[in-house]
**Student:** 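Sending over a structure as structure tokens; questions will come in a sec.
Residue numbers start at 1 and run along the sequence shown. In this text, all values refer to a predicted model and were calculated from it rather than measured experimentally.
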Amino acid sequence: MRGWAGALRAAAAAAAGGPGPGPGGFRQRFDFGGRDVASWFPGHMAKGLRKMRAALRRADCLIEVHDARIPLSGRNPALQELLGIRPHVLVLNKADLADPRRQPTVLEQLRRQGCSHVVFTDCQRDANVKKIVPLVAKLVGSSPRYHRAESSEYSILVIGVPNVGKSSLINSLRRLHLKKGKATAVGGEPGVTKAVLTRIQVCEQPLMYLVDTPGVLPPKLGDVETGMKLAVCGAIRDHLVGEDIMADYLLYALNKQQQFGYVQHYGLGTACDDIEPVLRRVALAQGRTQKVTVLTGTGNVNVTMLNYPAAACEFLRDFREGRLGRVTLD
């Protein structure tokens with residue numbers, strides 16, 4: 001792991017007095033140490049964005065899917081430019097992992113940004129998914145369809161950043177309205193959907209097709225903290241950012257939001273602003289160890305050490321799967 005020991009030392013120094021303690025002795029801001037978050041924009045994303053723009057002429061409505069844990073951060077500006085005058089529904093998926101107490105505040109802030117049609121969903125349990133087709137049908141029916149006015153079928157473009165559940169949403173809609181199984185692959189890592197503009201029927205009355213698209217990030221993330229939130233929620237591959245700094249940022253964010261579920265989950269005595277003892281506890285609890293060969297004056301000695309990189313991955317995984325509580329990072 002890149003600079004793991006150095007990252008731990010920096011985290012400890014920051015906790016001791018880097019950016020300055022806030023209420024409860026926690027950091028008031030996160031010290032990124034001059035780092036930039038690597039953008040993940042492979043060839044299929046560039047191709048996807050070009051074809052999405054071309055597909056707009058055939059779209060009656062756009063469904064933008066985003067992660068409910070970061071409802072205000074990371075929505076791709078390039079995708080928002082695609083919206084134009086067409087009806088737009090913002091689906092905040094993975095709502096089962098987000099803090100439900102924040103929903104009224106989030107809805108108000110999104111309305112100020114011009115998002116008046118917002119649906120919180122949990123595609124694992126089909127929660128609220130049934131609201132989407134009637135809402136889309138109502139919006140399309142009350143909007144001009146221009147060159148598509150003669151067509152009886154609705155064509156809906158599904159857009160969003162990677163790994164927010166676009167494919168899961170389509171599969172959920174098919175289960176509800178067609179009683180059919182998966183039509184598109186689902187994965188826990190960004191980039192599972194690489195095929196561009198796959199057309200999938202999700203409803204018969206009205207006849208509705210969704211066009212699944214690969215997740216697209218901006219070619220460059222100007223805001224480092226926004227990029228970090230995207231990475232922690234799984235929209236950017238971990239190794240491009242570094243599990244070490246991601247784990248430290250997650251601890252900072254949990255403390256900032258006063259979300260202390262990690263204390264009970266890992267059996268810590270109290271909340272902590274230093275990532276090293278947290279990961280030590282994770283490594284001990286999960287048996288994350290590694291054998292290291294140490295060269296001594298009498299020969300090589302095999303030593304068993306705690307595997308901090310594996311513990312950082314476990315910490316991130318526990319957050320992403322909701323084991324640390326329901327958390328909204330915005």
**Student:** Which residues satisfy the side chain to side chain donor-acceptor pair (under 3.5 Å) test with D330, sequence neighbours excluded?
**Tutor:** S73, K229
**Student:** Go through the structure and list residues passing side chain to side chain donor-acceptor pair (under 3.5 Å) with Y262, not counting sequence neighbours.
**Tutor:** N255
**Student:** Mind checking side-chain contact (heavy atoms from CB on, under 4.5 Å) for E204 and listing every partner two or more places apart, or none if nothing turns up?
**Tutor:** L178, Q201
**Student:** Test of understanding: with salt bridge (charged side-chain N to carboxylate O under 4.0 Å, His left out), list the residues that count as partners of R320, not counting sequence neighbours.
**Tutor:** D238
**Student:** Only counting residues at least two apart or in another chain, list the ones meeting ring-ring contact (aromatic ring centres under 6.0 Å, His included) with F260.
**Tutor:** F26
**Student:** List, by chain and then residue number, the residues other than Y209 in its hydrophobic cluster (Ile/Leu/Val/Met/Phe/Trp/Tyr, side-chain heavy atoms under 4.5 Å); write none if there are no others.
**Tutor:** L207
**Student:** With R111, which residues qualify under side chain to side chain donor-acceptor pair (under 3.5 Å), at least two apart?
**Tutor:** none
**Student:** With sequence neighbours excluded, what pairs up with P134 under the side-chain contact (heavy atoms from CB on, under 4.5 Å) test?
**Tutor:** none
**Student:** Taking atom types as modelled and ignoring hydrogens, do the side chains of T121 and N93 form a donor-acceptor contact shorter than 3.5 angstrom?
**Tutor:** yes
**Student:** Using side-chain contact (heavy atoms from CB on, under 4.5 Å) as the criterion, list what pairs up with C272, not counting sequence neighbours.
**Tutor:** D274, P277, V278
**Student:** Taking side chain to side chain donor-acceptor pair (under 3.5 Å) as the test, write out the residues that go with R326, two or more places apart.
**Tutor:** none
**Student:** Who pairs with A68 by side-chain contact (heavy atoms from CB on, under 4.5 Å), at least two apart in sequence or on another chain?
**Tutor:** L92, A95, A98, F120
